[in-house]
Amino acid sequence: MGHLDHAAYGWLTPALSYVMASIGAALGLRCTVRALAATGTSRRNWLLTAASAIGTGIWTMHFVAMLGFHVTGTEIHYNVPLTVLSLFVAVLVVGAGVFAVGYGTAHGRRSLVLGGLTTGLGVASMHYLGMAALRLHGRVSYDPLTVGLSVVIAVVAATAALWAALNIKSPAAVAVASLVMGLAVSSMHYTGMLAVSVHVTPSDRALPGATALQFIFPLAVGLGSYLFITAAFVALSPTADERAASASASGAASGAVAAPAPAAPGRPGEGAVPAH
């Protein structure tokens, strides 16, 4: 059995992966808050942005953490199509959960449970699909009980995230919720990794796929940049309250300019007709 190292670069990859998960969560929560205050296509667009942010953050967290995953006695490569598919799965299932909450607020708890279950199972699917993309000299196996625990953590974390999106509005509370969500996603990942064991079969045969530095690292950097740019856009975009206040102030200013000035009362000798 090969020795597994989940943090080959020390605390660098666990800390960076936690940061990426928290940023994705914060951005997704802010977008969901904006969506719930909007209507029509604006609500849809905010929900799409929330899904892409949370899904991208979770995917980036997983594969940044995987940069620190080493197995003694074998190289590790990644199947490129499966890895890309895991990214789409993450965004799609998070989108399903976010839209269930964003358009199902009238159903309250039922839409929250459905959205949390869908999103949590999707996050777990993304994790294990990403693990299925591993290519190494040997065989990967899993402990079923630990896998089950990681799925439960994913569902609970997803449900808590969607609850926060519905009930937490202030920026400070969103920041705290995002840190908790980042911790929950990271816990799910490392719990799932504890389920892994690798039986190494030494071989000189070249592994198919791409190395982490050839593929995972550039893609993670690109997606991380997307999160930062989108976060800046959301931060600079006015909220519904700010737009309403601006429109109100603009309307008041227009009314003040349009209103005629009251006429001064006439006086004898200045054009007024004196009374007889």
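Because the structure is a prediction, the values reported are computed rather than measured.
At least one side-chain heavy atom of Leu4 sits less than 4.5 Å from a side-chain heavy atom of His6. Considering only heavy atoms from C-beta on, Val113 stays 4.5 Å or farther from Thr159 through its side chain. Looking at heavy atoms from C-beta onward, Leu227 lies in side-chain contact with Met20 at the 4.5 angstrom threshold. Annotation: side chain of Leu29 is in contact with side chain of Ser178 (closest heavy-atom distance under 4.5 Å). Between His189 and Met66 the shortest side-chain heavy-atom distance falls below 4.5 Å. Counting heavy atoms from C-beta on, the side chains of Ser22 and Met181 never come closer than 4.5 Å. At least one side-chain heavy atom of Phe215 sits less than 4.5 Å from a side-chain heavy atom of Val84. Side-chain atoms of Thr83 and Trp59, non-hydrogen and from C-beta on, do get closer than 4.5 Å to each other.
No side-chain N or O of Trp46 forms a donor-acceptor pair with one of Thr32 less than 3.5 Å apart.
In this structure, the side chain of Ser52 engages the main chain of Thr49 through a donor-acceptor pair within 3.5 Å. Checking side-chain atoms of Thr60 against main-chain N and O of Gly57 turns up no donor-acceptor pair under 3.5 Å.
Cluster annotation: Leu92 is not connected to Tyr226 through the hydrophobic network of ILVMFWY side chains, with a link wherever side-chain heavy atoms come within less than 4.5 Å. Residues Leu112 and Leu114 are members of separate hydrophobic clusters, defined by side-chain heavy-atom contacts under 4.5 angstrom among Ile, Leu, Val, Met, Phe, Trp and Tyr. Under the 4.5 Å side-chain contact rule for hydrophobic residues, Tyr78 and Tyr9 do not share a cluster. Hydrophobic clustering (side-chain heavy atoms under 4.5 Å, transitive across Ile, Leu, Val, Met, Phe, Trp, Tyr) groups Tyr142 together with Met188. Residues Trp163 and Val180 are members of separate hydrophobic clusters, defined by side-chain heavy-atom contacts under 4.5 angstrom among Ile, Leu, Val, Met, Phe, Trp and Tyr.
Note: His127 NE2 to Ile58 CD1 = 12.5 Å, rounded to the nearest 0.5 Å. Going from atom CG of Leu129 over to atom NE2 of His62 covers 9.0 Å, rounded to the nearest 0.5 Å. A distance of 11.5 Å separates CD1 of Ile23 from OG1 of Thr230, quoted to the nearest 0.5 Å. Put simply, CG on Leu207 and CD1 on Ile76 are 9.5 Å apart, with the number rounded to the nearest 0.5 Å. The line from CG of Leu36 to SG of Cys31 is 11.5 Å long, rounded to the nearest 0.5 Å. Distance OG/Ser86 to CZ/Phe63: 4.0 Å, rounded to 0.5 Å.
Scanning both residues, Met61 and Ser186, for their nearest heavy atoms gives CE-CA, 3.7 Å. Ala220 and Val64 make their closest contact through CB-CG2, 4.1 Å (heavy atoms, listed as atom of the first residue, atom of the second, distance). Heavy-atom minimum distance, Leu47 versus Tyr103: CD1-CE1, 3.5 Å. Closest non-hydrogen pair, Val200 versus Gly73, comes out as CG1-O, 3.7 Å. Closest heavy-atom contact between Ala7 and Thr13: CA-OG1, 4.4 Å. Of all non-hydrogen atoms in Gly182 and Ala21, the two that sit nearest each other are CA-CB, 3.9 Å.
Grouped by direct or indirect side-chain proximity (heavy atoms under 4.5 Å, Ile/Leu/Val/Met/Phe/Trp/Tyr only), Tyr18 sits with Leu179, Leu183.
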Donor-acceptor list for residues 130-138 side chains, cut-off 3.5 Å, not counting sequence neighbours:
| residue | atom | partner | partner atom | Å |
| --- | --- | --- | --- | --- |
| Arg135 | NH1 | Ala132 | O | 2.8 |
| His137 | NE2 | Arg205 | O | 2.9 |

Which donor-acceptor pairs under 3.5 Å do side chains of residues 147-156 form with protein atoms, sequence neighbours excluded?
| residue | atom | partner | partner atom | Å |
| --- | --- | --- | --- | --- |
| Ser150 | OG | Tyr128 | OH | 2.7 |
| Ser150 | OG | Val147 | O | 2.6 |

